[in-house]
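In what follows, every heavy atom counts, from backbone to side chain, and hydrogens, waters and symmetry copies are set aside. Numbered from 1 within each chain, the chains take letters A, B, ... in sequence-line order.
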There are 2 protein chains.
Amino acid sequence: MRASQFFIATQKEAPSDAELISHKLMVRAGLIKKLGSGLYSWMPLGLRVLRKVENIVRDEMNKAGALELLMPAVQPKELWEETGRWAVFGPQMLKIQDRHERDFCFGPTHEEVITDIARKEISSYKQLPLNFYQVQTKFRDEIRPRFGVMRAREFLMKDAYSFHTSVECLVNTYNGMHTAYSNVFTRLGLKFRAVKADSGAIGGDGSQEFHVLADSGEDALAYCEQSDYAANVEMAEGVATGSRAAPAETMREVDTPKQTTCDDVAKLLDIDVSKTVKSVALVVDEVFTLALLRGDHQLNEVKFGKVPGVQNFRLATEEEIRANLNCPPGFIGPVAVNASVRVIADRSVAVLSDFVCGANKPKLHLAGVNFGHDLPEPALVADIRNVVAGDASPDGKGTLSLCRGIEVGHIFQLRTKYSQAMQATYLDENGQSQVMEMGCYGIGVSRIVGAAIEQGHDDKGIIFPRSMAPFDVVICPIGLDKSDAVKQAAVALYQQLQQAGVDVLLDDRGERPGVMFAESDLLGIPHRIVIGDRGLAEGNVEYKGRTDTEAQNLQVTDSVAFLRDKLGQ
Amino acid sequence: MRASQFFIATQKEAPSDAELISHKLMVRAGLIKKLGSGLYSWMPLGLRVLRKVENIVRDEMNKAGALELLMPAVQPKELWEETGRWAVFGPQMLKIQDRHERDFCFGPTHEEVITDIARKEISSYKQLPLNFYQVQTKFRDEIRPRFGVMRAREFLMKDAYSFHTSVECLVNTYNGMHTAYSNVFTRLGLKFRAVKADSGAIGGDGSQEFHVLADSGEDALAYCEQSDYAANVEMAEGVATGSRAAPAETMREVDTPKQTTCDDVAKLLDIDVSKTVKSVALVVDEVFTLALLRGDHQLNEVKFGKVPGVQNFRLATEEEIRANLNCPPGFIGPVAVNASVRVIADRSVAVLSDFVCGANKPKLHLAGVNFGHDLPEPALVADIRNVVAGDASPDGKGTLSLCRGIEVGHIFQLRTKYSQAMQATYLDENGQSQVMEMGCYGIGVSRIVGAAIEQGHDDKGIIFPRSMAPFDVVICPIGLDKSDAVKQAAVALYQQLQQAGVDVLLDDRGERPGVMFAESDLLGIPHRIVIGDRGLAEGNVEYKGRTDTEAQNLQVTDSVAFLRDKLGQ
């Protein structure tokens, strides 16, 4: 593409409402243009990026055997009433009345429509399994649209829906979609992780989210650099490191006149806070309970609620603490407590020996405490804490890091939530009517562009992976209108690269070098060739990768081969 | 594609609401599935067809230098108020309120949005011309949606909008779009014509419609088989054939006791009706006027309204006829009329000699009548009739045929209708602010699929041009599950064709031959290979083109080359 025949309109200032760097950079680079709140036009430059993402998604869906179709954006109310979601979905659904005052919505998702198709088109087990997908414009009426295309109201989504005769078959396709999604994000060149997820409003069992890792993400994740393990930080499994060492100390009281936190106690005693144990006083199903955690750990209430036998729990009041332990908060501990007090220890506490904990006496703690000697083994050992950076990965393959993630994909085992409600049935081998098992699988195509920029940028602008860059290479000729040699060399290289199948931009607008360089950096074009009279005199052009600190000289005659090599051709 | 891994769901019965053959066949072939009134899902088979059309459109737009972008479907009311179209567009526009009760519409077209982009992004004449396009889902709330995808409410459209500093530049791009559209329809393999059009609700000067020729079309067209001339039948120019022969007869009265029409008079006199002249009595700007037409022609009121000097006109009443001609209707004529009666002759009448017309006396006509002898030359000669089949083409390149057309494209010179209203201005070479000239260019992408089927079908089903067929070739193996030889031959040919880049369907579902053949005919797949044990024993497979009456045998070893040849590879 010649820049003179293309449309590049960058701007110096980011919009005042832009909070995220991707939003700022997409507007500054002219990839998108705001039409209204949460409504963006994809300008030619941005659409090139969007289509590259879309095509990779489509390609991997096809490879996985999914069949593309295209459903209407506008959907009749009646279908949504069959599943009860017309009432449930809430104001995020954009409702519409047509000229005959019939109710419709601008589809925020398509479970109802595809299930309607399935119940009409699928009659026999012989037709199953099937996995349909579309790449389509959706609308969700966000109350406060922001973050540019990351939380736009109108957006481009790939949504797939699968139909099965059995859970095994559903799981098989679900796993295939997991692989396809991993392939998509790998091909896109993004750092990502799949994490287990609550299934949220769409409903059903078994679901995973795909997150692009970026500091600005809305979700806190724990992931393992050495493996593909990742989880929502609140869901990640905490494992204990090593086993309990033999006791070496004898329990003793230590004065802690003002030290009511583990940090303060550890500082006073000059020990690592990981050698201290804090006792969180709870009332669990009417029983006064101490949850024991390492001083550097936090109770995870979601996990605690899932401890076997636990139904309801709440923090104990100060009165309840004093009544059960005869001690004010800040100095409580599990030693020598009444037999009616239940003790539940986190896995990391259960492997401690010679630890420090509250003494159940004001202004005193105990040191050199050991289970089996100074207090009974805990009634129950469970994973009840939030993981922290440096924890062993639950898959045993390394250690956990914490990061933030931007959700760009989601796969669900819906099971029969929709097929049951809408009576999507088929006849099995025995001629019996059965309800179909269903899965659904979404990718936020337009959101990926924003997420990629959140992951890849510097102070000069966007750093696109090659898969998504609007162009692979930009040629910047210096003094184009003054030097025939420059012009000829630039056009020759442009044509050679085009013939080699390289997506190349020739910046023939006659802009100053500074403008050309700043714009190519802002746009995130991975490779830049600068052609000037001085270099040409020695048979050279200049190359610089987007993230290189220095430019390098190339022989003109080597430049096509060099770039093809860089592009992995 | 293997049929067993694809989704083919044909049905025997056409929907009861389907009037058009394309609607019936698309539903029967399973290309589309109705979701609601005017709302259709494109099933995998149909989407393959739609995408092939879309890709050809996109390719030709790119070749013509247009730049693809993507604007939102949902548009704010405020923009439409700037052009006054929020009020004017009427109930075809689907209006929407968001959760904050702000007004939007589901875009029926995008002039306002693109003009808003242009006024924000274009500031200098140096940026012009620009031609932006998108392929996008539109919604028009038809009062009675019907004809399947031909008049759906939600549909896929390619719409382009160009911006210019001058009319010359606009006309240049307009002509480029004319060429691009001609290329699109030629590549699609459709019989089409471009015709001049009224510009309708979108407004502006200079516009042409592209029509696919088909009997079921809504528009009556006149076109020349020998050239690309075509026009709406009401707009087509009527030209006279030859020049006036010298008079050979003397005017005489003939008895026509009951003959009040030219047809009846011609029959009585045993002459061709083209030798008779009928007089249509009109009141034109208060003047009693006779419009003279050949007996086989009809007055075209639109053309008559454009005759120089004509402001208003209406048919004369019987009273006015009797008052001016002293004769009842049925026998009136232009001979010996009062000087106050104006005579306007059609071009075809002006070249007649020795013609027959009414005598202005009851039950009498005149024969052998000649201008310049029996009555003065007409005051005015003009094109005031509808053309008929067999007329000379106005471009002098052949004769006209009449047909019907389905509008699938439209190109407009909008000029400054929108840019003026929305103040889309730029600075010219002299730093003066100027309003941009605009053009717009639409193609009904989804409508083309229906139109192609209207043009190509028989009693077995769809006859797609190769460019649009869901598959190029279908392989039908007979007795797949019984014969290893058939299976091996079928799979081998399938793989060879795939490697040759042929879009091939292997019908491996194990259906009976009759079912396979009926479905491949219904789907309109252009080429079919049948593989059976009997043929294979002699090294043969059977080939049949979709419109061939007989199948033919091919050597297995020749079949790939044969098909590549058929496909023009």
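- At a 4.5 Å heavy-atom cutoff, the contact between A/Lys95 and chain B is made by backbone atoms alone.
- The two residues B/Gln92 and A/Arg99 make their nearest non-hydrogen contact at N-NH1, 3.9 Å.
- Within the 4.5 angstrom heavy-atom criterion, no atom of B/Phe155 approaches chain A.
- Most heavy-atom pairs under 4.5 Å with chain A: of the set B/Gln127, B/Arg48, B/Arg153, B/Gln134, this distinction falls to B/Arg153.
- Proximity to chain B involves both the backbone and the side chain of A/Phe7, based on heavy atoms less than 4.5 angstrom apart.
- Between chain B and the options A/Glu121, A/Gln75, A/Gln136, A/Lys33, the largest number of non-hydrogen pairs under 4.5 Å is found for A/Glu121.
- Counting all heavy atoms, side chain and backbone alike, B/Ala73 lies closest to A/Glu154 at N-OE2, 2.6 Å.
- For a residue to count as touching a neighbouring chain, one of its non-hydrogen atoms must lie under 4.5 Å from one of that chain's; by this rule A/Gln97 touches chain B with the backbone only.
- Here the side chains of A/Phe104 and B/Leu39 are in contact, with some heavy-atom distance below 4.5 Å.
- Looking only at heavy-atom pairs under 4.5 Å with chain A, the residue among B/Glu68, B/Gln11, B/Met71 that has the most is B/Glu68.
- In terms of heavy atoms, A/Trp42 sits closest to B/Leu69 at O-CB, 3.1 Å.
- With a 4.5 Å cut-off on non-hydrogen atoms, A/Glu142 touches chain B through its backbone but not through its side chain.
- Other residues, nucleotides and ligands place no more than 12 heavy atoms under 6.0 Å from the NZ atom of A/Lys126.
- Heavy-atom pairs under 4.5 Å with chain B peak, among A/Ile32, A/Leu45, A/Leu50, A/Leu94, at A/Leu94.
- With a 4.5 angstrom heavy-atom cutoff, A/Arg51 touches chain B only via side-chain atoms.
- Between B/Phe106 and A/Phe106, the ring planes lie parallel to each other; the angle is under 30°, not in the 30° to 60° tilted range.
- Heavy-atom distances place the side chain of B/Leu130, and not its backbone, under 4.5 Å from chain A.
- Atom-to-atom distance recorded for A/Lys120:NZ and B/Lys34:NZ is 9.5 Å, nearest 0.5 angstrom.
- Residue contact with chain B, scored on non-hydrogen atoms closer than 4.5 Å, involves the side chain of A/Leu79 exclusively.
- Side-chain N or O atoms of A/Gln5 include none that pairs as donor or acceptor with a backbone N or O of B/Gly65 at under 3.5 Å.
- The shortest distance between side-chain heavy atoms of B/Thr137 and A/Thr137 does not fall below 4.5 Å.
- The heavy-atom pair separating B/Pro44 from A/Phe132 by the smallest distance is CG-CE2, 3.9 Å.
- No other option in A/Ser41, A/Ala9, A/Ser4 has as many heavy-atom pairs under 4.5 Å with chain B as A/Ser41.
- For A/Leu70, the parts lying near chain B are the backbone and the side chain together; criterion is any non-hydrogen pair under 4.5 Å.
- Of the two parts of A/Asp116, only the side chain, counted from C-beta on, holds a non-hydrogen atom closer than 4.5 Å to a non-hydrogen atom of chain B.
- With chain B as the partner, the residue from A/Ile96, A/Asp141, A/Leu67 showing the most heavy-atom pairs under 4.5 Å is A/Asp141.
- A/Arg102 touches chain B through its side chain: at least one heavy atom from C-beta onward sits under 4.5 Å away, while N, CA, C and O do not.
- Chain A forms more heavy-atom pairs under 4.5 Å with one residue of B/Ile122, B/Ile117, B/Leu156 than with any other, namely B/Ile117.
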